[in-house]
Structure formats: C-alpha cells, structure tokens
Amino acid sequence: ITNPTRKSQKVCLNFFHDKSEQFKSIKIELSTLGVKIVQLPRFQSNFLISIRSNLPMARPLIFKSINQKFVDVFHG
C-alpha cells in the first residue's frame with residue numbers, strides 16, 4: 001500500500017468469511033510518501049478483504065494463493 005500524499009494516512013484492512021461476516025481487522029498508519037507491504041495472516045478457509053482509507057487507489061496488484069502456493073496475479 002502506498003501513500004502518495006503529503007500527510008500520514010490511516011488504512012484499515014478488514015477480513016470477511018465467505019458469508020460476509022468480518023473476523024479480523026488490521027490497522028496501519030502510513031507516513032507521508034510511505035510504502036507498506038502487508039503480509040496477510042494464514043487462514044484455514046477462503047476470505048475476502050476490504051481496504052478502507054482516504055488514499056487514491058490506482059492499479060492494484062492482487063496475488064492469489066491456495067495452500068500458501070502462488071496461483072495467479074491480477075493487475076487492476
């Protein structure tokens with residue numbers, strides 16, 4: 001996650017079960033012009049991620065893995 005702004009920014013990563021039930025949240029503060037690589041926790045089942053922030057999000061890279069093995073990448 002990158003912060004291209006001149007102010008520090010807060011980002012919240014919310015994790016949901018397939019049934020849309022939130023089960024984990026990670027809060028990050030990014031310094032001005034900062035970059036943070038987030039290593040996701042290991043979970044036993046499929047999950048969805050929601051990123052909440054005031055940052056402009058352009059062209060994300062999303063990596064898919066199954067059983068900790070790389071499967072696919074999406075460049076938005």
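A quick note: this is a predicted structure, and the numbers were derived from the prediction, not measured. As a basis for the values below, the full set of heavy atoms in this structure was taken, side chains included, without hydrogen atoms, waters or symmetry mates.
From Lys7, atom NZ reaches atom OG1 of Thr32 across 10.0 Å, with rounding to the nearest 0.5 Å. Between atom CG of residue Leu30 and atom OG of residue Ser53 there is a gap of 8.5 Å, rounded to the nearest 0.5 Å.
Ile51 and Phe16 fall into different hydrophobic clusters, where Ile, Leu, Val, Met, Phe, Trp and Tyr residues are linked whenever their side-chain heavy atoms come under 4.5 Å apart, directly or through other members.
Residue Ser31 comes nearest to Ser8 through the heavy atom pair CA-CB, 4.1 Å, listed as atom of the first residue, atom of the second, then distance. Taking both residues in full, the closest heavy atoms of Pro4 and Leu33 are given as O-CD2, 3.5 Å, listed atom of the first, atom of the second, then distance.
The side chain to side chain donor-acceptor pair (under 3.5 Å) check on Thr5 picks up Asn3, Gln9, with sequence neighbours excluded.
Residue Ile26 forms a side chain to side chain contact (heavy atoms under 4.5 Å, CB included) with just one option from Ile49, Leu13, Val11, Asn14, and that option is Leu13.
Between Phe23 and Phe15, the ring-plane angle classifies as tilted under the 30° and 60° cut-offs.
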